[in-house]
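Have a look at the structure below before the remarks.
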There are 2 protein chains.
Amino acid sequence: MSTEAASRRGVPDATVARLPGYLRALTAFVDRGITSVSSEELATAAGVSPAKLRKDLSHLGSYGVRGVGYDVARLAEEITDVLGLARDWPVAIVGMGNLGRALAAYRGFATRGFKVVAVLDHDARLVGLRTAGHTVQPMSALPRLVADEGLAIGVIATPPGSAQLVADQLVAAGVRSILNFAPQVLSVPPGVDVRKVDLATELQILAFLAQQRDLETGAEAEVS
Amino acid sequence: MSTEAASRRGVPDATVARLPGYLRALTAFVDRGITSVSSEELATAAGVSPAKLRKDLSHLGSYGVRGVGYDVARLAEEITDVLGLARDWPVAIVGMGNLGRALAAYRGFATRGFKVVAVLDHDARLVGLRTAGHTVQPMSALPRLVADEGLAIGVIATPPGSAQLVADQLVAAGVRSILNFAPQVLSVPPGVDVRKVDLATELQILAFLAQQRDLETGAEAEVS
DNA sequence: ACGGCCTTGTGAAGGTATGCACAAAGTTGA
DNA sequence: TCAACTTTGTGCATACCTTCACAAGGCCGT
């Protein structure tokens with residue numbers, strides 16, 4: 001894939017991608033007052049197999065007790081630590097269209113280690129408007145946000161045509177983590193991480209699976 | 001068109017996940033009036049390596065010409081066909097909160113093989129309201145939508161607490177493809193496909209990568 | 001007609017991820 | 001104290017994915 005592929009700190013990429021799910025399941029157990037879980041219970045709650053869960057957790061160290069299971073609070077803290085969520089990460093959302101406003105209003109940030117410190121838009125007509133408790137700022141505010149607020153993560157919620165420009169501006173300001181909602185491949189220098197969330201891609205994969213299902217069902221019907 | 005069923009069944013998951021990206025890049029080439037591309041050009045536009053692209057396309061059959069490249073229109077048509085996008089898939093969006101409304105207003109559906117045939121909400125107070133050209137319908141409308149409109153894909157944009165219930169209702173009505181935006185593991189019977197889009201998970205993965213970067217930079221500084 | 005030049009398609013190799021099965025290790029109860 | 005029980009952690013085998021390197025194959029100029 002990108003620059004440094006494989007595993008960092010010995011934790012495989014596939015495992016890292018599942019850790020947030022484990023953390024969410026653990027948080028739910030905490031809320032229900034459950035203090036200890038087996039790999040089977042946690043795996044079910046997270047939607048994976050017990051073997052996979054144990055293998056994943058083994059990459060973080062030994063935090064379970066044989067014959068008993070895992071201490072919910074301790075494991076949650078360990079995963080929080082590994083993911084780097086012990087502190088809050090300042091996030092800025094760029095692009096105040098429908099999606100940008102919905103993201104700005106999303107309440108899930110605060111409880112999961114993130115804090116929206118600013119919302120921005122390239123369009124001067126939107127600058128100054130208030131939405132979801134934030135005043136829309138111009139792109140020129142980026143350097144100050146990085147310097148004063150420690151802005152570390154940029155969320156791109158613009159139309160695809162503006163996404164690369166916004167990415168360039170984020171990178172120029174010193175942001176090195178980007179979450180891109182625009183259906184557009186971004187080119188960024190080494191040392192900058194980009195992750196992509198794409199509705200159309202997911203739907204198209206579902207369409208493929210659905211068609212596959214229909215074809216196979218038809219084939220079976222023919223055989224029998 | 002000739003070797004359909006046989007070759008498509010063997011398309012690896014990882015390849016299927018990249019096909020939408022190739023299709024998008026090809027569409028962009030069509031718009032620019034370009035009729036032929038090499039694996040190198042297409043790979044760059046899609047953000048993958050040329051070798052990976054060629055291997056992926058080889059799973060669909062031989063649609064390139066050695067020494068020349070790929071015919072843009074023909075390859076786009078082939079991928080459209082493999083993904084099952086030759087026809088439009090009827091989609092319903094459930095949950096008219098901020099995210100649901102943003103999704104309902106998203107214009108990318110129509111051009112990519114999907115058609116929003118209905119938006120629904122469990123809350124009776126929202127039923128009847130108009131948003132983005134649709135009238136919000138109650139959940140009880142689902143069976144009719146499946147029967148009359150051929151509804152095939154359900155998008156869940158509800159709070160996590162309602163997601164499982166909505167999934168159950170979708171499945172009961174006959175929907176077998178679900179795109180879940182709620183941070184909640186869904187349990188569905190065999191034969192139903194669920195894909196998940198989760199903002200918080202993606203941000204947490206970015207946080208992990210950012211922390212690794214910081215740690216490694218620090219470590220290098222110590223060494224030198 | 002044909003040799004030179006390109007780019008595809010693909011075997012082979014290496015690397016990752018997954019699932020199985022069981023030994024290791026801790027707990028519980030008598 | 002100790003034996004029986006439970007569940008973790010992990011070695012191994014397998015499947016999957018990616019990358020490399022090059023032979024196969026088609027076009028173009030002469």
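Convention: sequence-line order gives letters A, B, ...; per-chain numbering from 1.
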Take atom [atom1] of [X] and atom [atom2] of [N], then tell me their distance rounded to the nearest Å.
| X | N | atom1 | atom2 | answer |
| --- | --- | --- | --- | --- |
| K52(B) | dC17(D) | NZ | C1' | 9 Å |
| Y22(A) | dT8(D) | OH | P | 13 Å |
| R54(A) | dG11(D) | CZ | C1' | 13 Å |
| L60(B) | dG9(C) | CG | P | 10 Å |
| D56(A) | dG9(D) | CG | P | 12 Å |
| L53(B) | dC17(D) | CG | P | 17 Å |

Inset, instruction - Under 4.0 Å between any heavy atoms, over every strand shown, what does S49(B) touch: base, sugar-phosphate, or nothing? Just pick one. - result: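 Sugar-phosphate, no base atom in range.
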
Phosphate OP1/OP2 of [N] contacted by [X] side-chain N/O (<4.0 Å):
| X | N | answer |
| --- | --- | --- |
| S38(A) | dT7(D) | no |
| R18(B) | dT18(D) | yes |
| Y70(A) | dG9(D) | yes |
| S39(B) | dT7(C) | no |

Legend entry - Heavy-atom side-chain contact between T201(A) and K196(A) under 4.5 Å: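 T201(A) reaches K196(A) side chain to side chain.
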
Legend entry - 4.5 Å side-chain heavy-atom contact, Q164(A) and L186(A):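 Q164(A) reaches L186(A) side chain to side chain.
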
Inset, instruction - Please tell me which of the listed nucleotides, dA17(C), dC17(D), dT27(C), lies nearest to the side chain of A14(A)? - result: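 Per side-chain heavy atoms of A14(A), the pick is dA17(C).
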
Legend entry - K115(B)/D88(B) ion pair, N-O < 4.0 Å: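 Answer for the salt bridge query: no.
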
Legend entry - Check: dG19(C) base within 3.5 Å donor-acceptor of K55(A) side chain: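 Present.
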
Inset, instruction - Would you state whether a donor and an acceptor, one from the side chain of R66(B) and one from the base of dT8(C), lie under 3.5 Å apart? - result: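 Answer is yes: a donor-acceptor pair is held.
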
Inset, instruction - Indicate yes or no for a side-chain donor-acceptor contact from T15(A) to the backbone of V11(A) under 3.5 Å, with no hydrogens or angles considered. - result: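 No.
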
